[in-house]
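Heads up, the thing below is written out as structure tokens.
To find a chain, count down the sequence lines: A is the first, B the second, and so on, and within it residues start at 1. What you see is a predicted model, and the numbers here were worked out from it, not measured in a lab.
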Amino acid sequence: MLGRTGAGLALALTLALPVAADVPVTTFTLDNGLDVVVIEDHRAPVVVQMIWYRVGAADEPPGHSGIAHFLEHLMFKGTEKVAPNAFSGIVEAQGGDDNAFTSWDYTAYFQRISADRLELVMEMEADRMRNLRLTEEDVATERQVILEERSQRTDSNPSALLIEQMRAAQFQNSPYGIPVIGWRHEMEALSREDALSYYERFYAPNNATLIVAGDVTPDRVRALAERHYGPLEPSAGIAPRLRPQEPPQLAERRIVLADERVSEPYVFRTYLAPERDPGDQKTAAALTVLAELLGGNGQTSVLARALQFDRKVAVYSSAFYDGTTIDDATFGLAVVPVPGVSLEAVEAELDRVLAEFLEQGPDPAALERIRTQVRAGEIYARDSVENLAHRYGQGLSVGLTVADIDGWDEALGEVTEADVMAAARLVLDRRNAVTGWLTRPEAKQEATP
Amino acid sequence: MIRALFAAFLALALPAQAEIPIREVTSPGGITAWLVEDHNIPFAALEIQFKGGTSLDAPDKRGAVNLMAATLEEGAGEMDSRAFAEARDALAAKIRFNANSDSVSVSVKFLTENRDQVVDLLREALVYPRFDQDAVDRVREQVLSNLRSNAKDPGTIAAETFDAMAFGDHPYGTTGDGTIETVTTLTRDDVAAAHKAALARDRVHVAASGDITAEELGLLLDRLLGDLPATGAPLPGAAPWLLSGGVTVVDFPTPQATVFFGQKGIPRDDPDFFPAFVLNEVLGGGRFTARLMTEVREKRGLTYGIGTYIVNMDHADMILGQFAASNDKVAEAIRVVKEQWGRVVSEGVTDEELAATKTYLTGSYPLRFDGNGPIARILVGMQMDGMPIDYVTTRNARVEAVTMEDIRRVAARLFRPDDLHFVVVGQPTGL
């Protein structure tokens, strides 16, 4: 996920927290198709407005990679009512913060502000949904900014380069193989017309979800939303998001990236894995629990126990999975060997541990602890209304329903040992994986002690 | 600029007041804490910080406090590393230990239903950590791995180069993570000594927020911290400032240079602190409308982001900034930064900038208190900085009180473009 500023997370390394059953959530849809979700939290006089467009980098026209994210930057340039580059300034002068982020499946904009200023930010967000103004000069300067962003996030970071290469290898037909930031040679050619045609087609009330969370009532949000978003015309260009699908992967793929800036070589592996589907998130829940069992905890997880404690071949290990996507997701593993242990040797150990796990299954006590944490997670999650807003926005933007999102905690809690093993057998197969080695150019592989 | 439609809102620009009822709680045993009670959600956040942190390390034991803090979760009392982690997870408690230059911190979240068990578990880690040799060795390898990574990370190289030049032999001159040499030779006894030195009652500050009463918190404080030693190691003295204006280039093979820059700052208790804080926000705040963001990013596209910060550590005050720019553009970006630094001195700021910055700072302040976790962190930070308990209610008035005359005075006194030192990690051209 790329944001307009600040650090983006390349990997989702934590267990997705479930939604609490007793959080007051109200949903409705305006006549022009805008979906609205209201999450009430009256502890502080603060509100978060988020608008999530159901369009992202995987919906870009071929050859124009990066346009979804570039448009996200350009959305701050102005409209007939808001002077060039004044958008953030207006929000800030009211004591608010605003920003935006882009992923493969969605593009979202948000403001945090005192609850009595909700109408201002709603009016502004509705305004730029259909009335963006762009000059050639805005586009030329901002293109330099996104090229610097690519330099900073990706080209200066060997790990980011490896992950980019691995995605390109994993997704050979799905557009998930194209980086959100874009390939540099295509970013350099992105034009004002590219941005506007994408904007005009996809930025419309019938292709968006509005989330308002915090010290508000559903009645007030409905009245304000009808006033400001209600008059906007829907787009005729919104079609089901039927993207090229990934064919079954039949052969293992391997990537070696050698870079002199690397200090700690490591092994990174991603398996093609199913995502959460509307009405069917059982496998995704099992994969989420599997990631937690294998690599969610530095002291007790299967990989940490075997590789860091028992065999002492690794300094660090982890497993991760985020199935909140429209198309196929990935299940990932990472292992950093201790000095003196080669990538080849540590990868062999990793495969040995996985094979053992597939035979023996999980420790029932570990599974029970995860269930406890899932239940507690419902309580802790209520402390951040912004995170709750994010969860609904993300889920609804990838086609899940409110019932799916509300039912996720239950799905996690119901995962059995048999579910975990079925999911593990489905996914943990090297013919289904890309394995990446990050190394130094001069790396001489030493024998395992 | 802004059309009539939005202008109506500008008249409403009165900041929401932070209505955070903070009270001081003193335990039967005499330990104090700040508390915000909120029984909406059945959990509480607890923040504990010990002054001193990694700056307590002796030069040849650099990294001992950091290694100690990282090993606190690796076994205590009767429990080895695994047993401790299993007990914590079975209670669904969240416990995080961290060390930085000025403090060792403990961040905890626990459910109301098993609070006492979590407190007992945490007490074992704080008072009776095992520091088993195999745990120390395993965590040491992780620290060494981080050190090797940092040695090739342009951002870390830039910050560490800057610190070494600014602070010399003071602990601030080196990273508290230690060096490959010192960390490799640290013993279990060194780690145990760091524990005694750093975790003592004479330097602890505590804050809690959430589903806990004052009486319950008082009992918790004594149970949790009462058996820690009364006193710890002496704190270090003031740090020198050895840096003068200029540019230092560290050669590093990367297409984009990382820049870390700064000059001497202003103490928190200086009467000019708030004017300096407001002026820095106009010049280099993280907002898109701040001058540096406008001039370096929005107008020229030289960087993805740039910000400057008034930094107050326990023994040094600085104004610091950072950005990254392509090797062929970094010289121009540095020129623009220096120019803008000089402009606030020669031209000051506009009435509009001052007004907009004040409404931003005052309006966004209440937004920080958005949950038990953030509230507890802010409250313990205020105590560590020596602020009064009513600071939350007076802070916005101090921002409001800053006048154009204050801005002019502090600009002339504090902001010195010729004193700015830039550390550039990369292969810049034209520098």
*Kindly indicate, with the supporting measurements, whether the criterion side-chain contact (heavy atoms from CB on, under 4.5 Å) is fulfilled by F252(B) and R261(A).*
CA-CA 9 Å; F252(B) 190 78; R261(A) 296 169 294 182; 3.9 Å; yes
_Derivation of the side-chain contact (heavy atoms from CB on, under 4.5 Å) call for R88(B) and R369(A)_ = CA-CA 9 Å; R88(B) 177 197 61 205; R369(A) 284 195 301 273; over 6 Å; no
*Step-by-step side-chain contact (heavy atoms from CB on, under 4.5 Å) determination, D97(A) to Y360(B)*: CA-CA 9 Å; D97(A) 281 314; Y360(B) 170 70; 2.9 Å; yes
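Side-chain contact check for S364(B) versus E92(A): every heavy-atom pair is 4.5 Å or farther apart. The shortest side-chain heavy-atom distance between V46(A) and F369(B) does not fall under the 4.5 Å cut-off. Between E298(B) and T141(A), every side-chain heavy-atom pair lies at or beyond the 4.5 Å cut-off.
Neither the backbone nor the side chain of K312(A) comes within contact range of chain B; no heavy atoms are under 4.5 Å apart. For V385(A), no part sits under 4.5 Å from any heavy atom of chain B, backbone or side chain. With a 4.5 angstrom heavy-atom cutoff, A151(B) does not touch chain A via any of its atoms. If you measure heavy-atom distances from E368(A) to chain B, you find no contacts under 4.5 Å at all. When heavy atoms are compared at a cutoff of 4.5 Å, I113(A) approaches chain B solely by way of its backbone atoms N, CA, C and O. Using a 4.5 Å cut-off between heavy atoms, D38(B) touches chain A through its side chain atoms alone. Heavy-atom distances place no part of L144(B) under 4.5 Å from chain A, backbone and side chain included. Looking at D155(A), the atoms closer than 4.5 Å to chain B (heavy atoms on both sides) sit in the backbone and in the side chain alike. R138(B) touches chain A through its side chain: at least one heavy atom from C-beta onward sits under 4.5 Å away, while N, CA, C and O do not. If you measure heavy-atom distances from R305(A) to chain B, the contacts under 4.5 Å come from the side chain alone.
When all heavy atoms of L367(B) and G95(A) are compared, the pair lying nearest together is CD2-O, 3.7 Å. Minimum interatomic distance between G373(B) and D383(A) (heavy atoms only, all atoms of both residues): N-OD2, 3.1 Å. The nearest pair of heavy atoms linking A376(A) to L111(B) is CB-CD1, 3.8 Å. Across V145(A) and G301(B), no two heavy atoms sit closer than the pair CG2-CA, 3.7 Å. Shown here for Q256(B) and S151(A), the closest heavy-atom pair between the two residues is OE1-C, 3.3 Å.
Ion pairing between a basic and an acidic side chain is recognised when a charged N comes within 4.0 Å of a carboxylate O; E148(A) and K329(B) show such pairing. A salt bridge between R43(A) and D370(B) is absent, with no side-chain N of the basic residue lying under 4.0 Å from a carboxylate O of the acidic one. Classification of R297(B) and E142(A) as a salt-bridged pair holds, one side-chain N sitting under 4.0 Å from a carboxylate O.
Legend: residues meeting side chain to side chain donor-acceptor pair (under 3.5 Å) with Q299(A), ordered by chain and number and at least two apart, are E74(B). For the side chain to side chain donor-acceptor pair (under 3.5 Å) test, residues two or more places apart in sequence or in another chain that qualify with D215(A) are H42(A).
Most heavy-atom pairs under 4.5 Å with chain A, from the set Q142(B), E141(B), E113(B), R287(B): that is R287(B). When each of L91(B), T254(B), T357(B), T258(B) is checked for heavy-atom pairs under 4.5 Å with chain A, T254(B) comes out on top. Among P255(B), P253(B), P374(B), A324(B), the residue with the largest count of heavy-atom pairs under 4.5 Å with chain A is P253(B). Each of D153(B), D137(B), T289(B), D89(B) has some count of heavy-atom pairs under 4.5 Å with chain A, and the biggest count is that of D89(B).
Distance check: T303(B) OG1 to E149(A) CD gives 10.0 Å after rounding to the nearest 0.5 Å. One distance of note links CG of N40(B) with CZ of R382(A); it measures 7.5 Å at 0.5 Å rounding. Distance OG/S149(B) to OH/Y266(A): 9.5 Å, rounded to 0.5 Å. Atom-to-atom distance recorded for L147(B):CG and S263(A):OG is 10.0 Å, nearest 0.5 angstrom. A distance of 9.5 Å separates OG1 in T372(A) from CG in N114(B), rounded to the nearest 0.5 Å.
Looking only at atom types and distance, the side chain of T300(A) has no donor-acceptor partner in the side chain of E86(B) under 3.5 Å away. Remark: the R150(A) side chain and the Y304(B) side chain contain no N/O donor-acceptor pair separated by less than 3.5 Å.
With hydrogens and angles ignored, the 3.5 Å screen pairs a side-chain donor or acceptor of K152(B) with a backbone N or O of E260(A). For Q373(A) (side chain) and A92(B) (main-chain N/O), no donor-acceptor pair under 3.5 Å exists by modelled atom type.
Relative ring orientation between F43(B) and Y380(A) is described as perpendicular, the plane-to-plane angle rising above 60° on a 0-90° scale split at 30° and 60°.
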